[in-house]
Amino acid sequence: MGKKNKARAGLAIRYLLILIFAVPMVLPLMWMFTTALKDNGAVFKVPPQWIPDTFMWENFTTGLLQIDFWSRFRNTLFLAVIISIGQVLSCMSVGYALSRIKFKGKKLWFYLIIGSVMIPGMVTMIPIFRMWTAFGFYGTWWPMILPAFLGAPFQTFLARQFMSTLPKSYDDAARIDGANRLQVLVHIIAPMCKPLITVIAIQAFQGAWNDYLTPLLYVIARPEKWTLSLAVGRMSSSTYGTQWNLFMAADIIYLLPILIIFFLCQNYFMEGLGSMNNSGVK
């Protein structure tokens, strides 16, 4: 009984700590939701009003109409899916080359890729903007799509580290049977890298869905190409003041898809991270 009581006490303390640390993360979401259901004049009441006198569910409809939700949703979903596919293909290909093919300068390329992580994005923003503008891609989605097919440093590092742990005897056996490098990657290595592919795809999708700066730079002058992040962000920069209740309503709907994906895929994501950790990716 003593051991059982200790175990129960330990479990109770664990859940209490989880609850304490969860409160600071849950409170902002609760405030967003209650604000979305208020009249705009009640947003700044002192003391704060957590439960509205009248639940204004129509704020969600009005907020979605203001940002032209379905058009922006299609744009964002299209970009997120394409970018996820691009990052999976490019990172898997580069990771395979760096981990399983011998060529001159392989270590140098690996160090350059890892070193690029240390360069702040603000340093390269203007040169990259001038480059895409010179190519005639300003006002298009190409500056968001093409970089995804050129790899991502951190995900490439993960791919290289994960593939380095797989026995090279699989490659040798496939090469003896007449398979080329691409066939080895697609039919032999990729099926063994499902946890890795899951992690790369989820990270790429989340990054593309939440990206605000890149659409702001390249498609701000083309409203028909706006993403949800850009459309919602523009609601808070109105010349005539921000209707915070509508802004919060639109923001909640904007967050819902990525939250749903996280809850549906969190087991696969954690399994992928765990598998990579067990495979030697530190």
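- Nearest heavy atoms, I252 versus A36: CD1-CB, 4.0 Å.
- The neighbour count for L150 CG, taken as heavy atoms of other residues, nucleotides or ligands under 6.0 Å away, is above 12.
- The closest donor-acceptor contact from the side chain of T165 to the backbone of F162 lies under 3.5 Å.
- Using a distance-only test at 3.5 Å, with no hydrogens or angles considered, no donor-acceptor pair links the side chain of D177 to the main chain of A179.
- Formation of a donor-acceptor pair under 3.5 Å by the R100 side chain with backbone atoms of L166 is found in this model.
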**Request:** Carefully, step by step, assess Y218 and F129 under the rule ring pair (Phe, Tyr, Trp, His ring centres under 6.0 Å).
**Result:** CA-CA 8 Å; Y218 295 103; F129 179 83; 5.5 Å; yes

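- Closest approach of Q183 to G178, counting heavy atoms only: OE1-O, 4.0 Å.
- The main-chain N or O of L37 is never found under 3.5 Å from a side-chain atom of W57 such that the two would form a donor-acceptor pair.
- Side chains of S169 and D172: no donor on one and acceptor on the other come within 3.5 Å.
- N210 places a side-chain N or O within 3.5 Å of a backbone atom of Q206 that can act as its donor or acceptor partner.
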**Prompt:** Under the side chain to side chain contact (heavy atoms under 4.5 Å, CB included) criterion, do M32 and L255 qualify, and how do the steps go?
**Reply:** CA-CA 11 Å; M32 284 178 61; L255 290 173; 3.8 Å; yes

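- Applying the ring-ring contact (aromatic ring centres under 6.0 Å, His included) criterion to F154, with sequence neighbours excluded, gives no partner residue.
- For the pair W209 and Y254, the tightest heavy-atom approach, listed with the atom from each and the gap, is O-OH, 3.0 Å.
- Judged by distance alone, the side chain of N75 and the main-chain N or O of E224 form a donor-acceptor pair under 3.5 Å.
- Residue K106 places its NZ atom among more than 12 non-hydrogen atoms of other residues, nucleotides or ligands, all under 6.0 Å distant.
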**Prompt:** Should Y170 and M192 be marked as a side chain to side chain contact (heavy atoms under 4.5 Å, CB included) after you check the CA-CA gap, both sets of side-chain angles, and the distance that decides it?
**Reply:** CA-CA 11 Å; Y170 293 112; M192 293 188 288; 3.9 Å; yes

**Message:** Test side chain to side chain contact (heavy atoms under 4.5 Å, CB included) on L64 and W70; report intermediate values, then the result.
**Reply:** CA-CA 8 Å; L64 296 184; W70 290 111; 5.9 Å; no

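- Residue G139 comes nearest to R222 through the heavy atom pair O-NH1, 3.1 Å, listed as atom of the first residue, atom of the second, then distance.
- With hydrogens and angles disregarded, a donor-acceptor distance shorter than 3.5 Å links the side chain of N40 to the backbone of W244.
- Between M163 and G95 the shortest heavy-atom distance is SD-C, 3.8 Å.
- More than 12 heavy atoms of other residues, nucleotides or ligands lie within 6.0 Å of CD1 in I20, so this atom counts as buried by the packing criterion.
- For W226, the ring-ring contact (aromatic ring centres under 6.0 Å, His included) criterion is met by no residue, not counting sequence neighbours.
- Under the 4.5 Å side-chain heavy-atom criterion for Ile, Leu, Val, Met, Phe, Trp and Tyr, W142 and F78 are members of the same hydrophobic cluster.
- For residues 79-119, the set of pairs meeting the ring pair (Phe, Tyr, Trp, His ring centres under 6.0 Å) definition, not counting sequence neighbours, is empty.
- Counting all heavy atoms, side chain and backbone alike, P52 lies closest to K38 at CG-CG, 3.7 Å.
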**Request:** Please report the C-alpha distance between I220 and R234 in whole Å, then the side-chain angles of each, then the deciding distance to 0.1 Å, and finally whether the side chain to side chain contact (heavy atoms under 4.5 Å, CB included) criterion is met.
**Result:** CA-CA 10 Å; I220 186 65; R234 298 297 291 176; 4.1 Å; yes

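- Cluster membership for L108 and L98, using ILVMFWY side-chain heavy atoms within less than 4.5 angstrom, is shared.
- No donor-acceptor pair closer than 3.5 Å links the side chain of T227 to the backbone N or O of Y212.
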